[in-house]
Amino acid sequence: ATEAETRDLVIIGGGVAGYVAAIKAGQEGMKVTCIEKRGTLGGTCLNVGCIPSKSLLNNSHLYHQILHDSKHRGIEVGDVKLNLKQLMKAKEQSVAGLTKGVEFLFKKNGVEYLKGTGSFQDEHTIKVQLNDGGETSVTGKNILIATGSEATPFPGLEIDEKRVITSTGAIALEEVPKKLAVIGGGIIGLEMASVWSRLGSEVTVVEFLDQIGGPGMDSEIAKSIQKILKKQGINFKTGTKVVSGDKSSEGVKLNIDSAKGGKPETLDADVVLVAIGRRPYTQGLGLENIGLELDERGRVIIDSEYRTKIPHIRCVGDVTFGPMLAHKAEEEAVAAVEYIKKGYGHVNYGCIPSVMYTFPEVAWVGQSEQDLKKAGVNYRVGTFPFSANSRAKTNLDTEGMVKMLADAETDRLLGIHIIGPNAGEMIAEGTLALEYGASSEDIARTCHAHPTLAEAFKEAAMATYSKPIHF
Ligand code: FAD
Ligand code: NAD
């Protein structure tokens, strides 16, 4: 390619990491090309992850609430029916609107979009197998790998996305399974268990560890949400591993065993969801052609400026280190472009919120109590239950609490953990507080509007160093 044809940045992958980097680079006046093979932009998150799952969570919650939580509010409804086809259609509309929106933003910011599969030919050249047939190549001064992740398969249980499914199958089932077994009680497992249980499935979640919620969730919070979800009708088998599974025309039989070894049992299901984590995706990327190696978990190895050992090739998002979260990918994408353009960038990895969109939601930021104990940190705990919050009482949604952890000597906030309606929105306040190095007293002395759920946040802060007013 001539100098004029060489792009400032070529991005492989148009997921959250890739598309955000592309827009940012366009805004910075760079000549940028983004290669995506899916046919639509937005990656896992917009197409088969965050967005479709939240559509199903929202609408299945409404359905469940109308059925089971409306009469005592003074709302009597007649014949309530589930129209699963329409529920899926609503989901598809949300997805299509957002993916097309990204395409519009590409045009607005002058990003070139190539629909195809990219692979390294050499350190500056990416070969693209076009979706419409044919091949082209593009050269870049800088390259960004943003190829994301895929579901980790369960050995011996072949995924067909009908009977043995990943999250991709779980957001597109054509009928409500009578019995759904979920392998893995992490975020995907619990969100999907909630959706299908609300729509009428008998759901059993099998989790290897003694605690549900996946990595990072505070143990007290995990116990509490497990109780709440159990009350909603989800069965749990914690401390239990799935040893193997057999698929037949009748369904799937899982052989399960206590994690510590014990009496083997079987669990019958019509559909099995495999939700045991995700793994980085680098298939067909041709990393071998440029001598880039992966770590033991298949992640692309990078330094603190997102550079691989070939400095003009950087990498962000699920395919490299850190939590597999869309907002983490987004932060990294902006920072990586800033490193290229300006030489500096910023992501605070101690301050990345997590949200599980069950009902009630679970959200946290910073360290858990078990993290602090392990690190030998001297800390104080303040909690405030939503059962003592006026807005929660008014809304008749009183399950959950806010829990704050602060340094015993300096009162600096170290972690915030919430179970409650809207916890996912409320955690933004906690994230800001943590980012700015606030103390619990800083929050407690900040005026919060009444009556709001956020007052529980303020009162948990009060409870950390003094006493809350309403509990
Ligand atoms: P991806 O989104 O996986 O995008 C990578 C893209 O690269 C893909 O579109 C792929 O087709 C493309 N690609 C790969 N190789 C090539 C190639 N060689 N050439 C061209 N294109 C290629 N995170 C949250 O923060 N909140 C949530 O609520 C949430 N919910 C989720 C629900 C589910 C069911 C799942 C599965 C995930 C969820 N996540 C959530 C995680 C989130 O989706 C990921 O963290 C995020 O998508 C990572 O973005 P990424 O761009 O790194 O990777
Ligand atoms: P995860 O790592 O959160 O949870 C997997 C769970 O499966 C763990 O608790 C693990 O102990 C368990 N497990 C593993 N092997 C098992 C076995 N053989 N038997 C029983 N249990 C077993 O992974 P996930 O839930 O698949 O999610 C994947 C990624 O997607 C995560 O990084 C998650 O953060 C992200 N995601 C985020 C959201 C959100 O932010 N709301 C939603 C969905 C997915």
Side-chain angles (χ1 to χ4, degrees), residues 11-21 34-54 56-57 114-120 126-129 131 145-152 154-155 166-168 170-171 182-192 205-217 222 237-244 254 256-257 259 273-286 315-320 322-330 332-333 352-358 361-363 424:
I11 301 167
I12 312 174
V16 177
Y19 92 66
V20 170
C34 182
I35 307 160
E36 169 58 58
K37 66 177 182 174
R38 189 185 295 270
T40 52
L41 293 167
T44 304
C45 178
L46 268 61
N47 291 281
V48 289
C50 328
I51 298 303
S53 63
K54 265 81 258 180
L56 295 181
L57 278 156
L114 288 181
K115 289 188 185 179
T117 305
S119 63
F120 282 95
I126 309 297
K127 201 167 67 189
V128 186
Q129 211 72 49
N131 287 358
I145 302 171
T147 49
S149 63
E150 61 176 355
T152 306
F154 188 88
T166 66
S167 52
T168 301
I171 55 161
V182 179
I183 313 180
I187 307 256
I188 292 188
L190 297 177
E191 288 186 350
M192 288 301 122
V205 176
V206 185
E207 167 56 53
F208 179 76
L209 301 175
D210 290 328
Q211 159 177 340
I212 61 165
M217 193 181 284
K237 286 183 178 292
T238 52
T240 305
K241 64 171 182 269
V242 175
V243 183
S244 61
L254 293 182
I256 58 175
D257 205 343
L273 166 62
V274 177
I276 56 171
R278 292 178 64 80
R279 61 183 186 190
Y281 181 80
T282 51
Q283 221 172 297
L285 194 52
C315 176
V316 291
D318 278 12
V319 70
T320 187
M324 289 185 174
L325 294 171
H327 43 281
K328 173 264 192 188
E330 201 169 326
E332 288 184 341
I352 294 173
S354 292
V355 181
M356 179 166 87
Y357 298 84
T358 47
E361 292 176 350
V362 180

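All values derive from a computational prediction rather than experimental measurement. Ligands are counted one by one from 1 in listed order, and the atoms in each one are counted from 1 as well.
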Quiz item: So, is Thr117 polar-close to ligand 1, with some N/O to N/O distance under 3.5 Å?
Solution: no
Self-check item: Identity and separation of the nearest protein heavy atom to atom 21 (N) of ligand 2
Solution: Phe208 N, 3.1 Å
Quiz item: Are any of the N/O atoms in Ile188 less than 3.5 Å from those in ligand 2?
Solution: yes
Quiz item: Heavy-atom distance to atom 29 (C) of ligand 2: which of Glu207, Lys54, His327, Arg278 wins?
Solution: Arg278
Quiz item: Side chain, backbone, both or neither: which part of Met192 comes within less than 4.0 Å of ligand 1 when only heavy atoms are counted?
Solution: neither
Quiz item: Which atoms of ligand 1 have any heavy atom of Ser167 under 4.0 Å away?
Solution: 34 (C), 36 (C)
Quiz item: Between Ala326 and ligand 1, is there a nitrogen or oxygen pair with a distance under 3.5 Å?
Solution: yes
Quiz item: Counting from 1, what ligand 1 atoms have a heavy atom of Ser53 closer than 4.0 Å?
Solution: 32 (C)
Quiz item: Any idea which protein heavy atom is nearest atom 42 (C) of ligand 2, and the distance to it?
Solution: Ile187 CG2, 3.3 Å
Practice problem: Taking disulfide (SG to SG under 2.5 Å) as the test, write out the residues that go with Cys45, two or more places apart. | Solution: Cys50
Exercise. For Val242, counting its heavy atoms only, list the atoms of ligand 2 lying under 4.0 Å from any of them.
Key: 18 (N), 19 (N)
Quiz item: Can you tell which part of Ala146 has a heavy atom less than 4.0 Å from ligand 1: side chain, backbone, both or neither?
Solution: backbone
Quiz prompt | Identity of the nearest option to atom 1 (P) of ligand 2, non-hydrogen atoms only, from Pro215, Ser244, Gly216, Gly213 | solution = Pro215
Quiz item: With respect to atom 5 (C) of ligand 2, which of Ala275, Gly214, Gly184 exhibits the smallest heavy-atom separation?
Solution: Ala275
Quiz item: With a cut-off of 4.0 Å, which atoms of ligand 1 are near a heavy atom of His327?
Solution: 25 (O)
Quiz item: Should you measure from each heavy atom of Cys45, which atoms of ligand 1 turn up under 4.0 Å away?
Solution: 2 (O), 43 (O), 47 (O)
Quiz item: If you count the atoms of ligand 1 from 1 in the order shown, which ones are under 4.0 Å from a heavy atom of Gly116?
Solution: 19 (N), 20 (C)
Quiz item: Within the structure, does Val316 bring an N/O atom to less than 3.5 angstrom of an N/O atom in ligand 1?
Solution: no
Quiz item: Got an N/O contact under 3.5 Å between Gly284 and ligand 1?
Solution: no
Self-check item: Polar contact flag for Thr44 and ligand 1 (N/O pairs, less than 3.5 Å)
Solution: yes
Quiz item: Is the shortest side-chain N to carboxylate O distance from Glu36 to Lys115 below 4.0 Å?
Solution: no
Quiz item: Side chain, backbone, both or neither: which part of Ile171 comes within less than 4.0 Å of ligand 1 when only heavy atoms are counted?
Solution: neither
Quiz item: Glu332: what forms a side-chain hydrogen bond (donor to acceptor under 3.5 Å, both in side chains) with it, not counting sequence neighbours?
Solution: Lys328, Tyr349
Practice problem: Check each atom of ligand 1 against the heavy atoms of Tyr281 and keep those under 4.0 Å away; list them by number with element. | Solution: 14 (C), 15 (N)
Practice problem: Would you mind running through ligand 2 and noting each atom that sits below 4.0 Å from a heavy atom of Val355? | Solution: 39 (C), 40 (O), 41 (N)
Exercise. Would you indicate which of Met192, Met356, Met324 comes nearest to atom 31 (C) of ligand 2 when only heavy atoms are counted?
Key: Met324
